[in-house]
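Throughout, protein chains are lettered first and strands after them, A, B, ... in sequence-line order, and every chain is numbered starting at 1. The basis for the numbers below is simple: all heavy atoms, side chains too, and nothing from hydrogens, waters or symmetry mates. This structure is a prediction, so every number in the text was calculated from the model and none was measured.
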Amino acid sequence: MALSTQYDSKSVENKWYNYWMEHNFFHSEVDPNKEPYTIVIPPPNVTGVLHMGHMLNNTIQDVLIRRARLRGYNACWVPGTDHASIATEAKVVAKLKTQGINKNDLTREEFLKHAWDWTNEYGGVILEQLKKLGASCDWERTKFTLDDELYPQVIQTFVDLYNKGLIYRGYRMINWDPEAKTTLSDEEVIYEEKQGKLYYIKYPIVDSEEFLTVATTRPETIFGDTAICIHPEDTRYTHIKGKKVIIPVLNREIPIIEDEYVDMEFGTGCLKVTPAHDPNDKTLGEKHQLEVIDIFNEDATLNSFGLHYEGQDRFEVRKGFAKELQEKGFLIKEEVHTHKVGTSERTKAVIEPRLSDQWFLKMEDLVKPALKAVLETDEIVLHPKKFENTYRHWLENIRDWNISRQLWWGHQIPAYYYGDDKQDFVVAKNADEALKLAQKKSKNSALTLADLKQDKDALDTWFSAWLWPMSVFNGITDPNNKEFQYYYPTNDLVTGPDILFFWVARMIFAGYEYTDKKPFKNVYLTGLVRDKKRRKMSKSLGNSPDALKLIDDYGADGVRVGLLLSSAAGNDLMFDEDLCQQGKGFVNKIWNAFRLIKGWEVSESATQPKASKLALEWYEHRFNEVLISVDANFEKYRLSDSLMSIYKLIYDDFCGQLLEILKPAFGKPIDSTSYAQIIALLEDNLRILHPFVPFASEEIWQNIQERSPEEALIINNYPSTKETTPETSKILTDFNECIQVVTGIRRIRQEKNIAFKDTVSLQLCNHTKNSDRLYPILTKLCNLSKITEVAKAIEGAPSFRESGNEYFIPLQGLVNMEEELQKLKEELTYTEGFLKSVTKKLSNERFVANAPEKVVAGERKKLEDAETKITTLKNSIKALEA
RNA sequence: AAGUAAUUAGUUCAACGGUAGAAUAUUUCGUUUACACUGAAGAGGUUAUUGGUUCGAAUCCAAUAUUACUUACCA
């Protein structure tokens, strides 16, 4: 059957993916005789869909895992999804709303039922999409952060850390998301520059005609004011120290306090203090023992402290109250003011700082081994290293982690309350254990299960994700199990730098806390995928191409190559579909190279041409040379460079040179020796290409000859490098010279407009070496009638020099002499200029004295060459003019 | 506001202090024998700007500009 001139990714990709799955090639089992190579996937949100970031990230992981598999490691890539509590819960709430169901009307159990229904319907779609990309995950190991195996491990971690005294319950100022009605960790708050207003408000001073003016961006919080603060050294306000002011409209008296915290330069130098709604005001309030008045409901509407604004949203109140103040003469002016406003990462709602009882994890001690491992001992290496600084900065300034969320979709906090006092609670793995503890703690043996109330809150999603490399192997609940002992620590973690703190750093804490071991050796931080305008690709901007459509258009292999060609670790990727086009073109090129070889008729009797033998020998060494650099780049996680070397090896060396030399004359067969060798070399190409281009490489591999499943490329082996010797590098330089000469001849042919069908002859002057290697290849590639060696230069004939030899192509009057003369003169001028600059350099005594000998020798050589060239050019000009 | 990095061909990126290179796009000329995704060849650059160190700077130092990220936060 004739093979198509176009590689057809669509028909090929599913076929081989199914084949690999059928034969269980992705699956890994504990095998003490093999070294493990483990990667755990950064679990995508269970309800998510594949976007460009996932594609990049998972392509990199697949390249690493496939290469490890070929190199004989027991490669294990563990896939899974994350329950993403806040994101998923928000989606479920929104969906219920469209059905007219309000979350607040449901019980926890009813709501969770809806959430599970949703998860079962949409969950795992993204994993199916990863299959399209070619991801060779061990799907039998697929995990979900909320499933029965992982849930108890999260709970046990909480209990353990509580018992160690690292988890505590505290009344603190936290980040409140009024839309999701939950707290958020500091990392989940995104500060955005927003334009607001600065309102200047008059506060009348008690027993005085005077008033203070306070500048605020949040007039609606005035209901919670409990003081006005001035700087103790502010001379503008010396005379009113110790007095009180009246809050406008509310007519409540509050004290004027002094604190150095106040910035005299900002606004009027007077700060209104609202301890319930600002972290700094809270600190001030504690210091000066101020009353704390919480004026907001959960959804950031005003509560009864808001008087006639009760029930209105904070932003409406801001407008309405400003208007009222103005009407009553208390508002002096409004200024436009840009400032940063904290918003929820998930819901985008403006964060309301709020005081509440929450669970916290102490970070101070957990952080220490994580700092050491990355910054001192290099037990864990970040690629690229530049992220170490950000990592250090964050860890050194870390605050306690708020781990409770007022959500239902997640791991319910295993704290059980049994009494009315805040301290009447115990922490335990389950209710039965909790009961025993509670009876003991309360000294009341009459307590029953019915008296226990479990904490309603769920844990932060990252509190389960940070255990991921351990929990997927049951390492928390059963640390001695064989799998955990074998696969952990894992090798590589591939993820975006945006979750360096959310996730990567925390996994490192957890790893050391639980196992005294690092969770992984290398962290490969990909760049963000951006569009041509350098904007981050995101759903809201609508600038992210449809991942599956890309695969459809360019093939998974094409997209993989496109993504990897230009994405060094840590560098953002400016995505352009042209890259995928290039990837697709590359795959097609290999396909056609295969088609060419496959189409050759093989003859047992034909003898191997000298040129073929030389070229095959050369390619073997060239391949080895490239493989050495590919391996070195992999060591440094420079995947793009690895791929580019392979790209050029196949495009230029294999297709451009080797196949052109081997190609038999039209209608003639190829000798069987060359054929066997070219097939072997093609197979080696496919082996190193497979991690990047899994589908097409397997397709070609299987088309070369019939293979049993055990012979599939995916589980074949990786070529090993050979040592280079002076002999091998001589072969490489000699061939390189051939190519230079070929290029020289072609250039002259083109410059002189000599049609390809016309043969030319070649004359070599001062010939010293190499005819054995040179002549067969020149004859094959350059359509030469004859090659002659001459002792003396042929004046006037076009020429070039290569490795000490001079090459001439006599043209027998086919050339326009005047144009020729012009060109030669231009070249002479240029070379003389070049000579001048080199001479200048060499006459600089300080250069000759200080520069290394090698460099000076190089310059001398240049000088010499330029002088020779000038002589030759002058002679040629003379000959033409004559 | 501070910290970190980046700034090189139209574009995406390379380049131990020693003549700035690839890939791609573009241009020209080819192709009856794998490759509407083929072959060959040219063109392209004051390496963001200004100083400094050095015999010599894209590279090291300082400042400036722009961009991105991270952290912090001003009422």
Query raised in the report: What interatomic distance, in whole Å, is found between P of B:rA20 and the corresponding atom of B:rA15?
Result: 16 Å
**Report entry** Over-ring placement of A:Lys202 relative to A:Phe330, 6.0 Å and 45° cut-offs
**Finding:** no
Query raised in the report: Reckon A:Asp278 touches a base, only the sugar-phosphate, or nothing at all at heavy-atom distances under 4.0 Å?
Result: sugar-phosphate
Report summary line: Between CG of A:Asp263 and C1' of B:rA75 the distance, given in whole Å, is 9 Å
**Report entry** Nearest-angstrom distance, C1' atom, B:rU12 to B:rC16
**Finding:** 25 Å
Query raised in the report: Of the candidate nucleotides B:rU71, B:rU38, B:rA36, which contains the atom at the shortest distance from the side chain of A:Phe501?
Result: B:rU71
**Report entry** Minimum-distance nucleotide (side-chain atoms of A:Val262 versus B:rC37, B:rA75, B:rA34)
**Finding:** B:rA75
Requested in this report: Would you mind checking if A:Arg236 and A:Asp234 are paired as a salt bridge, meaning a charged N to carboxylate O distance below 4.0 Å?
Outcome: yes
**Report entry** Aromatic centroids of A:Phe223 and A:Phe321 separated by under 6.0 Å
**Finding:** yes
Requested in this report: Could you work out which one of B:rU38, B:rC74, B:rU70 sits closest to the side chain of A:Tyr651?
Outcome: B:rU38
Report summary line: Contacts of A:Glu352 meeting side chain to side chain donor-acceptor pair (under 3.5 Å) (sequence neighbours excluded), chain-then-number -> A:Arg218, A:Arg314
Query raised in the report: Is A:Lys648 touching bases, backbone alone, or none of the nucleic acid, heavy atoms closer than 4.0 Å?
Result: sugar-phosphate
Requested in this report: Please work out if A:Asp281 contacts a base, only the sugar-phosphate, or nothing of the nucleic acid, heavy-atom cut-off 4.0 Å.
Outcome: nothing
Query raised in the report: Please give, in whole Å, the distance from B:rC13 P to A:Arg638 CZ?
Result: 14 Å
**Report entry** Salt-bridge present (A:Lys287, A:Asp259; N to O < 4.0 Å)
**Finding:** yes
Query raised in the report: Which string of ( ) [ ] | and . matches RNA chain B, if you list each base 5' to 3' and count Watson-Crick or G-U pairs only when both distances are under 3.5 Å?
Result: (((((((..((((....[..))))..((((.......))))......(((((..]....))))))))))))....
Query - Donor-acceptor pair (no angle test) under 3.5 Å: A:Gln582 side chain, B:rA25 base - result: no
Requested in this report: For A:Asp225 and B:rA75, give me the distance from atom CG to atom P, rounded to whole Å.
Outcome: 15 Å
Query raised in the report: Quick one: side chain to side chain donor-acceptor pair (under 3.5 Å) partners of A:Asp652, sequence neighbours excluded?
Result: none
Requested in this report: Remember a base hit wins even if backbone is also touched, and classify A:His277 as base, sugar-phosphate or nothing at under 4.0 Å, heavy atoms.
Outcome: nothing
Report summary line: A:Leu564 CG to B:rU24 P, in whole Å, measures 17 Å
**Report entry** Rounded distance in Å between the C1' positions of B:rU19 and B:rA57
**Finding:** 14 Å
Query raised in the report: Base, sugar-phosphate alone, or nothing: which one does A:Tyr7 contact when heavy atoms must sit under 4.0 Å apart?
Result: nothing
Query raised in the report: How is A:Gln581 classified with respect to the nucleic acid when contacts are heavy atoms under 4.0 Å: base, sugar-phosphate, or nothing?
Result: nothing
Query raised in the report: If you measure from the P atom in B:rA63 to the same atom in B:rA72, how many Å do you get, rounded?
Result: 26 Å
Query - Closest listed nucleotide, where the reference is the side chain of A:Tyr261 and the choices are B:rU24, B:rC35, B:rC74 - result: B:rC74
Query raised in the report: When rounded to the nearest Å, what value does the distance between C1' atoms of B:rC74 and B:rA2 take?
Result: 15 Å
Requested in this report: For A:Cys229, report the nucleic acid contact type (base, sugar-phosphate, nothing); a contact means any heavy atom under 4.0 Å.
Outcome: nothing
Query raised in the report: Taking 4.0 angstrom as the limit, do A:Lys282 and A:Glu286 come out as a salt bridge?
Result: yes
Query raised in the report: Which of these nucleotides, B:rA34, B:rU24, B:rA75, is closest to any side-chain atom of A:Arg595?
Result: B:rA34
